[in-house]
Amino acid sequence: QVQLVESGGGLVQAGGSLRLSCAASGRTFSSYPMGWFRQGPGKEREFVAAISRDGRTKYVDSVKGRFTISRDNAKNTVYLQMNSLKPEDAAVYYCAAPGSSYSGNYYSIPLEKYEYDYWGQGTQVTVSS
């Protein structure tokens, strides 16, 4: 059973930084891409960033240049470094992973919610103005 556990959320002032971590277990971590999504109050869950098996990355336009996704396969962990945080970044952030039926190749980066089968419990990020 795949488990994803996020940590690192909290309260930060606008302009500040946080680093989210997602520890994965239950299968070979390095064999799958990983993603981060977020859901603000009253909003749909949206894509934030994702990383392929070989380390290629994709970001939603609103976080480009401020957020960085990375992975440490030795630690089975994916990170989201968030800098220059804005009040509109406030949300619950979720780590996600595709299921075993994922058919993408080594370089693929899934961007859609339906491409992910496993989700963490979420970690709250609050940004004060």
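Worth knowing before you read on, the calculation uses all heavy atoms, side chains too, and leaves out hydrogens, waters and symmetry mates.
For W119 against R45, the heavy-atom pair with the smallest separation is CE3-NH1, 3.3 Å. When every heavy atom of Q121 is checked against every heavy atom of L4, the shortest pair comes out as OE1-O, 3.6 Å. The shortest heavy-atom contact between R71 and S52 is NH1-O, 3.0 Å. Of all non-hydrogen atoms in A49 and Y59, the two that sit nearest each other are CB-CD2, 3.5 Å. The two residues P110 and A50 have their closest heavy-atom pair at O-CB, 3.6 Å. Taking every heavy atom of both residues into account, Y93 and V48 meet most closely at CE2-CG2, 4.3 Å.
Ring geometry, Y116 versus F37: the interplanar angle exceeds 60°, so the pair is classed perpendicular (tilted spans 30 to 60°).
Side-chain atoms of S128 and P87, non-hydrogen and from C-beta on, never get closer than 4.5 Å to each other. Within the 4.5 Å cutoff, the side chain of M34 has heavy atoms near those of the F29 side chain. Residues R53 and P33 are in side-chain contact: their nearest non-hydrogen atoms beyond the backbone lie under 4.5 Å apart. Residues F67 and D89 are in side-chain contact: their nearest non-hydrogen atoms beyond the backbone lie under 4.5 Å apart.
V78 and Y102 sit in two unconnected hydrophobic clusters of ILVMFWY residues. Membership requires side-chain heavy atoms under 4.5 Å apart, directly or through other members. Under a hydrophobic clustering in which Ile, Leu, Val, Met, Phe, Trp and Tyr are joined whenever their side-chain heavy atoms come within less than 4.5 Å, directly or via other members, W36 and L111 fall into the same cluster. Hydrophobic clustering, with ILVMFWY side chains joined whenever heavy atoms are under 4.5 angstrom apart, keeps Y79 apart from I109. Residues Y32 and I51 are members of separate hydrophobic clusters, defined by side-chain heavy-atom contacts under 4.5 angstrom among Ile, Leu, Val, Met, Phe, Trp and Tyr.
With rounding to the nearest 0.5 Å, the separation of CD in E88 from OG in S62 is 8.5 Å. Here the OG atom belonging to S108 is positioned 9.5 Å from the CZ atom belonging to R56, to the nearest 0.5 angstrom. Going from atom CG of D117 over to atom OH of Y114 covers 12.0 Å, rounded to the nearest 0.5 Å. Rounded to the nearest 0.5 angstrom, T77 OG1 and E6 CD are separated by 11.5 Å. Taking OG1 from T68 and CG from N83, the interatomic distance works out to 6.5 Å, rounded to the nearest 0.5 Å. For the atom pair CD of Q81 and CZ of R66, the computed distance is 12.0 Å after rounding to the nearest 0.5 Å.
A donor-acceptor pair under 3.5 Å links the side-chain atoms of T123 to the main chain of G9, judged by distance alone.
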(request) With salt bridge (charged side-chain N to carboxylate O under 4.0 Å, His left out) as the test, would you mind laying out the steps for E46 and K113 before giving the verdict? (result) CA-CA 8 Å; E46 66 170 352; K113 283 181 290 187; over 6 Å; no
(request) Evaluate the side chain to side chain contact (heavy atoms under 4.5 Å, CB included) criterion for residues T126 and V12: first the C-alpha distance (whole Å), next the side-chain angles of each, then the deciding distance (0.1 Å), finally the verdict. (result) CA-CA 6 Å; T126 304; V12 64; over 6 Å; no
(request) With side chain to side chain contact (heavy atoms under 4.5 Å, CB included) as the test, would you mind laying out the steps for L20 and M82 before giving the verdict? (result) CA-CA 8 Å; L20 307 184; M82 306 186 295; 3.8 Å; yes
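Shown here are the salt bridge (charged side-chain N to carboxylate O under 4.0 Å, His left out) partners of R27, two or more places apart in sequence or in another chain: there are none.
Counting only residues at least two apart or on different chains, the disulfide bond (SG atoms under 2.5 Å apart) pairs with a member in residues 80-109 are C22-C95.
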